[in-house]
Each structure stands twice: as C-alpha cells, then as structure tokens.
Amino acid sequence: MAIAENESKILHFAGESRIMNTPHAIRQTDFTFEGQTGFYRGKVRDVYYFGDLMAMVATDRISAFDVILPRAIPDKGRVLNIIAARNLEATRDVVPNWVIDTPDPNVTIGYRCEPFAVEMVVRGYLAGHAWREYRSGKRTLCGVPLPDGLKENDPLPHPIITPTTKAKTGHDQDISRDEILAQGIVSERDYVRLEDYTLRLFQRGTELAARRGLILVDTKYEFGTYKGEIRLIDEVHTPDSSRYFYADGYRERQEKGEPQRQLSKEFVRQWLIENGFQGKEGQTVPEMTDEVVERIAARYRELYEQVLGEPLPEIDTRGILDRIERNIVNSIKSVNLEARI
Ligand SMILES: Nc1ncnc2c1ncn2[C@@H]1O[C@H](COP(=O)(O)OP(=O)(O)O)[C@@H](O)[C@H]1O
Ligand SMILES: [Mg+2]
C-alpha cells in the first residue's frame, strides 16, 4: 500500500480546511505492477523496471550531501520531473535520450539503459565544490588545470568537465579523464563521445537558461547505452542536478564581491551547514519544522516559474498516488502495444 506524508493527519482532521489544504508530499511509493521485473529506490526517485523499460517516479524526497532529509517537500517531485522532461525534449536533437513518455507530472517512462559508471559534471563558472577546492589552493580539478587569480563565481575561460565516479554508497568521488581511461571505467572511444555530448548539452543548456534570464553555472549529465547506442539518461538541467544564477546584476555583484543570487539546492545546503550538518560522520540532520519545509517548497516553486517561465499548475492532491499508479499502468500498456504494432 502506498504511503504519503500527511495522510494520517488528513484522515484524522478530515473536514478541517487548514489541514485539508496542506498538500500531500510523496515520501515514497510502493506499487506492484503487472509485468514489473524489478524496483530501485534511489535517494529521490522510485524506479520500476519492466524488462527494458522503466518508470521513474520523482518523489518529494530531498537529499543533500548524499543524505535523504527526514521530511519530504510538497511539489518538489513534480517540479523536478517537469523541468527534466522539458529539458530532455529541448536537447533531443543534441543527443538521443531515454524518454518515451511523461504520463504524469511525477513520472517519466523510457528505456532502461546500461549506465556508464561516471557522472559528467560540467562547469562554466567557479562555484560550489570547485570553488572550495580552488580556495584550498588546488589549481587542478579532476586533472583540469585552473588559472590563478579567480574569485568565487567567476566565469572559467571555457567550460570544463570534472567527472565523478558513481559511488554505489557514500559520496561520489572526483576522478580525472586519465584515471577513467586507465581504470577502464569507460572506453576511450565512448568517453570521447560523452565529452562531446556533455559540452554540446551544456552549450544548449546555457542558451535555454539565458532565455529565462538565468546563467547555467554547472550541471551534471548521466549517460547509458541502449542496444549499443549512447543515450542521455536521468534528469537534465534540474535544480537538483544544476546550479543557476540570475543573470541580471551578475557582473555588478561579481565586481563588488557580493554573493550571487542562486537558483539551486544550495539554499538547502546552506541551511544545513548553518545548523551544523555537512553530511559528515556523527553529525545529525537538524529538525525540519513545518516552516522550514514550507520555505524549501516555496523555493522549488519559484525555481519552476523562473526556469520554465510559467506558473506551477495548481493540482488536486487527493488520491495523488492512485493517479500516479494509474498513469504508469496506462503508459506502459500503450508503449508495449505500440512496440508490437
Ligand atoms: N534510463 C535509465 N536507465 C537506467 N538507469 C537510469 C536511467 N535514468 C536514470 N537512471 C538511474 O535511476 C536512478 C534515479 O534515482 P535517484 O533518486 O537519482 O537515485 P540515486 O540515489 O542512485 O542517485 C539513478 O541511480 C540513475 O542513475
Ligand atoms: Mg541521482
């Protein structure tokens, strides 16, 4: 049986409008489908396998520093899924991707690919992890040399690829191109393709962001193969996989040495750090009050509107899990049907 956060509250207080208006947050799904061949619960997404197809449900879970936070964020799942779907569609001409159908605001259906064991991180600016490394004195990142004299959030001379390993557990690790090839994690022939795709996707992402008054600072792509062909998988240009700045006033803020206006999960990381949590051994996640949850939810809604340039549609959150389940069943059925014609 599927569970949603607040469900018990809603049953208990049925009829009381304040509680009824609290949107459902989808903490996890527990469906069992006819024809299902497997299941994977990721940090954020629940994945149902159907042979060489899969249904990826974006839940409202939120992770930071590779830890799943104790409370789910209403609307976060559909914000992510819709942004990813739009960007996958808008990059289809650059690289083939895994998507066949988006039958529900929280669901994407597509080809189950054999993932490459690296994440292709690409950066146009010196921010986040790259800045922290640079600040500590490093002048090469993942084997890529960095010039002296840069400040936090400065543009890099050209976009750089700083890959990470896809750790099964724990934190992803920086890795260089040479190590990836030496360890045979990806063949040179494939890796050259991944690099080319990554840079061209980042170029497209930068153009798409610019139309919305945003700067795509950095992002990561995952790739896999399906029947021998390289495809872009997972989510693309979402706030969970990317960092955006507001373009307006960027230069002035850099000149004055002021922080940039960020549109990313960074505000969640900041809140955690301020409350003594950086994902290290022995640290505990601070308590997430209703107010904190609502503040994070509001940021995700703002993100949606900024990145897509339209308001997040209001939805009826009752029966949300039944809706998701039904939409998966129907989509898988019609995809299978089409395959047989
Ligand atoms: N088309 C695909 N084929 C196979 N695996 C995929 C595909 N798209 C995404 N994935 C994988 O599905 C998972 C999505 O769930 P997520 O919550 O991101 O999990 P994780 O905690 O592993 O990052 C990821 O592990 C991602 O690599
Ligand atoms: Mg992931």
Side-chain angles (χ1 to χ4, degrees), residues 25-31 36-69 72-73 76-85 87-89 91-92 95-103 106-122 129 163-173 185-186 190 194 197-198 201 218-243 264-265 268-269 279 300 324 328 331-332 335:
I26 308 161
R27 194 200 284 283
Q28 68 176 53
T29 64
D30 293 281
F31 306 126
Q36 184 184 329
T37 53
F39 175 73
Y40 169 76
R41 187 166 346 259
K43 289 187 289 290
V44 173
R45 273 77 60 79
D46 286 351
V47 187
Y48 295 85
Y49 301 115
F50 299 83
D52 63 357
L53 300 178
M54 60 180 240
M56 193 155 89
V57 182
T59 71
D60 293 327
R61 293 193 294 275
I62 182 166
S63 77
F65 302 116
D66 289 327
V67 172
I68 302 167
L69 302 189
I73 309 298
K76 174 181 179 281
R78 64 183 177 119
V79 163
L80 245 58
N81 188 58
I82 297 170
I83 294 177
N87 280 289
L88 282 154
E89 195 49 46
T91 54
R92 220 181 245 291
V95 46
N97 67 49
W98 72 284
V99 177
I100 300 172
D101 189 16
T102 312
N106 288 83
V107 181
T108 298
I109 308 266
Y111 299 107
R112 178 181 188 174
C113 301
E114 191 55 55
F116 289 102
V118 289
E119 299 198 347
M120 299 297 276
V121 180
V122 51
H129 169 68
T164 63
T165 57
K166 266 181 76 168
K168 286 255 169 354
T169 55
H171 297 285
D172 296 341
Q173 299 289 335
I185 299 171
V186 182
D190 285 344
L194 299 191
Y197 280 148
T198 296
L201 286 165
D218 50 43
T219 191
K220 68 100 182 136
Y221 303 110
E222 294 185 33
F223 297 90
T225 56
Y226 181 77
K227 300 194 167 148
E229 183 193 34
I230 297 177
R231 284 176 188 257
L232 180 59
I233 64 170
D234 209 55
E235 61 187 337
V236 174
H237 301 155
T238 69
D240 275 13
S241 68
S242 321
R243 180 179 277 116
S264 74
K265 229 166 61 172
V268 179
R269 293 188 201 104
Y300 272 95
I324 290 174
I328 292 176
S331 176
I332 290 289
V335 170

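Any value given below was found using the heavy atoms of this structure, including those in side chains, with hydrogens, waters and symmetry copies removed. Indexing begins at 1, ligand by ligand and atom by atom, following the structure's order.
- Atom CH2 of Trp98 and atom CD of Glu222 lie 11.0 Å apart (nearest 0.5 Å).
- Panel note: side chain Lys76, backbone Arg61; a donor-acceptor pair is recorded below 3.5 Å.
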Would you mind listing each N/O atom of ligand 1 next to any protein N/O under 3.5 Å, plus the distance?
| from | atom 1 | to | atom 2 | distance (Å) |
| --- | --- | --- | --- | --- |
| ligand 1 | 1 (N) | Tyr111 | O | 3.0 |
| ligand 1 | 3 (N) | Cys113 | N | 2.9 |
| ligand 1 | 8 (N) | Asp234 | N | 3.1 |
| ligand 1 | 17 (O) | Lys43 | N | 3.2 |
| ligand 1 | 17 (O) | Val44 | N | 2.8 |
| ligand 1 | 17 (O) | Arg45 | N | 2.7 |
| ligand 1 | 18 (O) | Arg45 | NE | 3.4 |
| ligand 1 | 18 (O) | Arg45 | NH2 | 2.8 |
| ligand 1 | 21 (O) | Lys43 | N | 2.9 |
| ligand 1 | 21 (O) | Lys43 | NZ | 3.0 |
| ligand 1 | 22 (O) | Tyr40 | OH | 2.5 |
| ligand 1 | 27 (O) | Lys166 | NZ | 2.8 |
| ligand 1 | 27 (O) | Glu222 | OE1 | 2.7 |

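- The shortest distance between side-chain heavy atoms of Ser241 and Val236 does not fall below 4.5 Å.
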Margin query: Applying side chain to side chain contact (heavy atoms under 4.5 Å, CB included) to Thr225 and Cys113, what does each step give before you reach the verdict?
Written below: CA-CA 5 Å; Thr225 56; Cys113 301; 5.9 Å; no
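- Salt bridge Arg243/Asp218: present, at least one basic N to carboxylate O contact under 4.0 Å.
- Between His237 and Tyr221, the ring planes are perpendicular. Angles over 60° get that label, and only those under 30° would be called parallel.
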